[in-house]
J.: 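Okay, handing you the structure first.
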Amino acid sequence: MTSIAMAADTSVGRRKWPVHIVVFLAPAFLVYTVFSIYPLIDTIWLSLYTTDDTGQAHFIGLGNFVTLLTDPVWSKPFWNALRNNLVFFAIHMVVQTSIGLALAALLSLPRLKGAAVYRTLLFMPTMLSVVIIGFVWQLILSPLWGISRSFLATFGLGALFAPWLGQEGTALITVSLISVWQFVGIPMILIYAALINIPDDLIDAATVDGAPPFYVFWAIRLPLVYPTLGVVSILTFVGNFNAFDLIYAMKGAQAGPNYATDILGTFFYRTFFGYQLQTGNPTMGAAVATMMLFIILVGVLFYLFGVQRKLQHHLA
Amino acid sequence: MTMRDVTRFSRTGALAATALALVTLMGSVAHADTTLTIESWRNDDADIWNKQILPAFMAKHPDIKVTFKGYPPTEYNAALNTELAGGTAADIITCRPFDASLDLYKKGHLVNLNDVPSLKNFSNVAKAAWQTDDGKDTFCMPMASVIHGFIYNKKIFDELGLSVPKTTAEFHAVLDKIKKDGKYTPIALGTADQWEAATMGFQNIGPDYWKGEDGRKALIAGKEKFTDKPYVDVFKELATWGPYMGDGYQAQKYADTQNLFSLGRAAIYPAGSWDIPLFEQSKDLSFDAFPPVQPDGTDKCYISDHVDIGMGINAKSKHADAAKTFIDWVGSAEFAGLYANALPGFFPLTQEPVEIKDKVAQTFVGWRKNCESTIRNSYQILNRGTPNLENELWAVSANVLNGTQTPEAAAKQLQDGLDTWYKPAK
């Protein structure tokens, strides 16, 4: 109370150092410094070291990065993980965003009954633990106990069944689609919120002018949610390139078959912590983590300067 | 409450607190209780440790309390390394054999155990898994080995009139008969988790091909390569298993495989002896075991009798003396008897006589009489570099069983990976 009163007092006279700004910023600044900025810098710092047999650390500059990108022992799994990660992201962008958009458009229909129920049900998987999701989907798709084979068979499509999670060609797509199923609620809710915020007069005016409903959607509502689609894209991008848990829960840290589901997160885990008899290599792991940070940074900067500015410009 | 009551109340409180503090103080002086914690990847066995094994130790040493903390096997090493780095690891550490633990010792995380008396109960072969390369320092007490072979469903064998196969040709004849009958899955094995392909497949039947220890040592010496005939032949044999492994085995996990055999839906289970306690739990299942089938034209038999599990002391433990007392007991015949019978399928490594009561476990351990023992060839020395040989072996064995890689290509991938960092002494 007193500090506010004092602030009001001084603002009349000469301006003092704005203590309150520091006070208000301090909690967030401290929390971010301790839990985000410091670990980030420490990780980058660690990636410049290497350890010998006795666990002694030596500074080697960018040596870990050179090894990671040029030595086939490291670069092959790294590029493989990056490629898989891009596929993982592409499937999310195409499938998750379009289904999310379609669901949001349906939910925002003015005369839809039970919208709240659908909304809750569709958002539900997002709140479940990945361990449960992984377990349930593995059971559903299991060639031994799963229902998917008999389900397909009831439509005469039994021959289409395959052990999707176990085949090199299909495992990554299957895991991606399961992840889409889990997280589709997030783009749906964000786009839905944007859609219901569109002023009714815009749509009314278009309708009065004789625009059919689909045209209203394509020409008026969709352009107005572009900024939200941008946010959804960047959230998906960051989320996908940090993904780890679902693949670890379903395929283990060795992300089989034959590393077909290995993404940067699982590659990092194996490198940093080790797996089974492979001993962990924290300095190399830190180099992988730094590469992940770099990739995400490039993507986010591209979005901020390449996409977001144009979007705002367009709307203004 | 009046003022006087408050005063009296607080006075009583203070008195009680003082008394309590005194009692605690005296208690700690009188008992000097030490609590040791064991850390292990055998989370399946936590009950047996806490209810059967540890009480026996604590009865003898009332001043030492021991508790058991288990992790899932695949998460153990990562958790342990993180805890060791952060200084929060338990007093007693369960040791993986060879390079994984040697690495811990070299980094100063494990205590030297050379002065623990019960270490004399073990042969050099048993100790080798937890010694420095020169054999001078031992850092973990050997506990048990596991043996590979095939467990089979006796009911199914009786029903189809099958006899236990001894050679690869007989094995295939049996598999064909089971497949033709169509009621049961011939081989219970999946490749989704990958490690079974390497452990229950490659390391199970392999020793007969590469002649046990001879082949294993030749690989380390650089006299043999994975691209040599014996190793390619193992992969060739594995490549024939796919059609017998049941629909969709590519997505079948370890637990699925165990269930498939427990429920009596599969005839033959390529096994590790550690599966015995699990199968004993299903009452309708009657099962026995046969040793790895011998390739045609061989007369001598070899088994993978793999030193698998030991225990060491965390160098940062605050109770080093109590920990040594415990480790000494782990090396005793009493412990070996308790452990081997509480967990049939883990075979004691001690040279003291230990009686094993479980019938199937007896079958497994009986093979030691006629066959030469060896350990898994991917564990000693060959496992120190990048790419990690054992993990590579998982991937390629699963590929061969899945039919996505030829035996020759699998062998070449292993040797190429090894060649990038391993230069055997000439």
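Atom set for the values below is all heavy atoms of this structure, side chains included, hydrogens, waters and symmetry mates excluded. Quick note on labels: first sequence line is chain A, next is B, and so on, each numbered from 1.
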J.: Where does A/Gln254 contact chain B at under 4.5 Å (heavy atoms): side chain, backbone, both or neither?
T.: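 Its backbone and side chain both get close to chain B.
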
J.: Report the distance from atom OH of B/Tyr269 to atom CG of B/Asn153, rounding to the nearest 0.5 Å.
T.: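 So the OH of B/Tyr269 and the CG of B/Asn153 are separated by 13.5 Å.
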
J.: State, with a plain yes or no, whether a side-chain heavy atom of A/Thr43 is found less than 4.5 Å away from one of A/Leu293.
T.: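 No. Closest side-chain heavy atoms not under 4.5 Å.
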
J.: Taking B/Ala100, B/Pro387, B/Ala398 one by one, which has the highest count of heavy-atom pairs under 4.5 Å against chain A?
T.: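 Heavy-atom pairs under 4.5 Å are most numerous for B/Pro387.
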
J.: Heavy-atom cut-off 4.5 Å, strictly under: side chain, backbone, both or neither for A/Tyr269 against chain B?
T.: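 Side chain only.
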
J.: Given that the side chain runs from C-beta out, which part of B/Thr191 has a heavy atom under 4.5 Å from chain A: side chain, backbone, both or neither?
T.: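 Contact with chain A involves no heavy atom of B/Thr191 at all.
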
J.: Is it true that the side chains of B/Gln203 and B/Ser304 contain a donor and an acceptor less than 3.5 Å apart?
T.: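 No, because no side-chain N or O of B/Gln203 sits under 3.5 Å from a partner of the opposite role on B/Ser304.
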
J.: Does the side chain of B/Leu189 reach to within under 4.5 Å of the side chain of B/Tyr244, using non-hydrogen atoms?
T.: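 A side-chain contact under 4.5 Å is absent here.
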
J.: To the nearest 0.5 Å, tell me how far B/Phe226 CZ sits from B/Asn377 CG.
T.: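 Taking CZ in B/Phe226 and CG in B/Asn377, the distance rounds to 4.5 Å.
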
J.: Should we count CH2 of A/Trp145 as having more than 12 external heavy atoms under 6.0 Å?
T.: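 Atom CH2 in A/Trp145 is crowded, with more than 12 foreign heavy atoms closer than 6.0 Å.
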
J.: Among A/Leu277, A/Thr279, A/Leu165, single out the residue with the greatest number of heavy-atom pairs under 4.5 Å to chain B.
T.: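 When all of A/Leu277, A/Thr279, A/Leu165 are compared, A/Leu277 has the most.
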
J.: Given heavy-atom pairs under 4.5 angstrom as the criterion, report whether the side chain, backbone, both or neither of B/Asn391 touches chain A.
T.: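 Answer is both: backbone and side chain atoms of B/Asn391 are under 4.5 Å from chain A.
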
J.: By a 4.5 Å heavy-atom criterion (distance strictly below it), what part of B/Asp416 contacts chain A: side chain, backbone, both, or neither?
T.: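 Contact with chain A is absent: no heavy atom of B/Asp416 under 4.5 Å.
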
J.: Pick from B/Thr386, B/Asn259, B/Thr404: which one has the most heavy-atom pairs with chain A under 4.5 Å?
T.: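 So the answer, after comparing B/Thr386, B/Asn259, B/Thr404, is B/Thr386.
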
J.: Using heavy-atom distances under 4.5 Å, tell me whether B/Asp247 contacts chain A through its side chain, its backbone, both, or neither.
T.: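 Backbone plus side chain of B/Asp247, per the 4.5 Å heavy-atom cut-off to chain A.
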
J.: Name the member of B/Trp394, B/Tyr76, B/Tyr379 that forms the most heavy-atom pairs with chain A at distances under 4.5 Å.
T.: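 Highest number of pairs under 4.5 Å: B/Trp394.
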
J.: Establish, from distance only, whether the side-chain atoms of B/Asn383 and B/Tyr422 form a donor-acceptor pair under 3.5 Å.
T.: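 No, no side-chain donor-acceptor pair sits under 3.5 Å.
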
J.: Counting only heavy atoms closer than 4.5 Å, note whether A/Trp164 contacts chain B via side chain, backbone, both or neither.
T.: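 For A/Trp164, no heavy atom lies under 4.5 Å from chain B.
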
J.: Is there a donor-acceptor contact under 3.5 Å linking the side chains of A/Asn281 and A/Thr283?
T.: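 Note: A/Asn281 and A/Thr283 side chains meet the donor-acceptor criterion.
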
J.: Would you say NZ of B/Lys106 has more than 12 non-hydrogen atoms from neighbouring residues, nucleotides or ligands within 6.0 angstrom?
T.: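 Yes, the 6.0 Å shell around NZ holds more than 12 heavy atoms from other groups.
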
J.: Which region of B/Asp256, side chain (C-beta onward) or backbone (N, CA, C, O), has a non-hydrogen atom less than 4.5 Å from a non-hydrogen atom of chain A, or is it both or neither?
T.: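 Both backbone and side chain.
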
J.: Can you tell which part of A/Phe272 gets under 4.5 Å to a heavy atom of chain B, answering side chain, backbone, both or neither?
T.: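 A/Phe272 has no heavy atom closer than 4.5 Å to chain B.
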
J.: As an exercise, state the distance from CH2 of B/Trp130 to CE of B/Met311, rounded to the nearest 0.5 Å.
T.: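 Here the interatomic distance stands at 11.0 Å.
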
J.: So what's closer than 4.5 Å to chain A heavy atoms on B/Arg384: side chain, backbone, both or neither?
T.: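 Neither part; nothing is under 4.5 Å.
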
J.: Counting only non-hydrogen atoms closer than 4.5 Å, does B/Leu401 touch chain A with its backbone (N, CA, C, O), its side chain (CB onward), both, or neither?
T.: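 Interface part for B/Leu401: neither.
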
J.: So do A/Ser148 and A/Phe161 actually touch side chain to side chain, heavy atoms under 4.5 Å?
T.: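 SC-SC contact between A/Phe161 and A/Ser148 confirmed.
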
J.: Is it the backbone or the side chain of A/Gln138 that comes under 4.5 Å from a heavy atom of chain B, or both, or neither?
T.: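 Interface part for A/Gln138: side chain.
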
J.: Give, as side chain, backbone, both or neither, the part of B/Leu260 having an atom under 4.5 angstrom from any heavy atom of chain A.
T.: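 B/Leu260 touches chain A through backbone and side-chain heavy atoms alike.
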
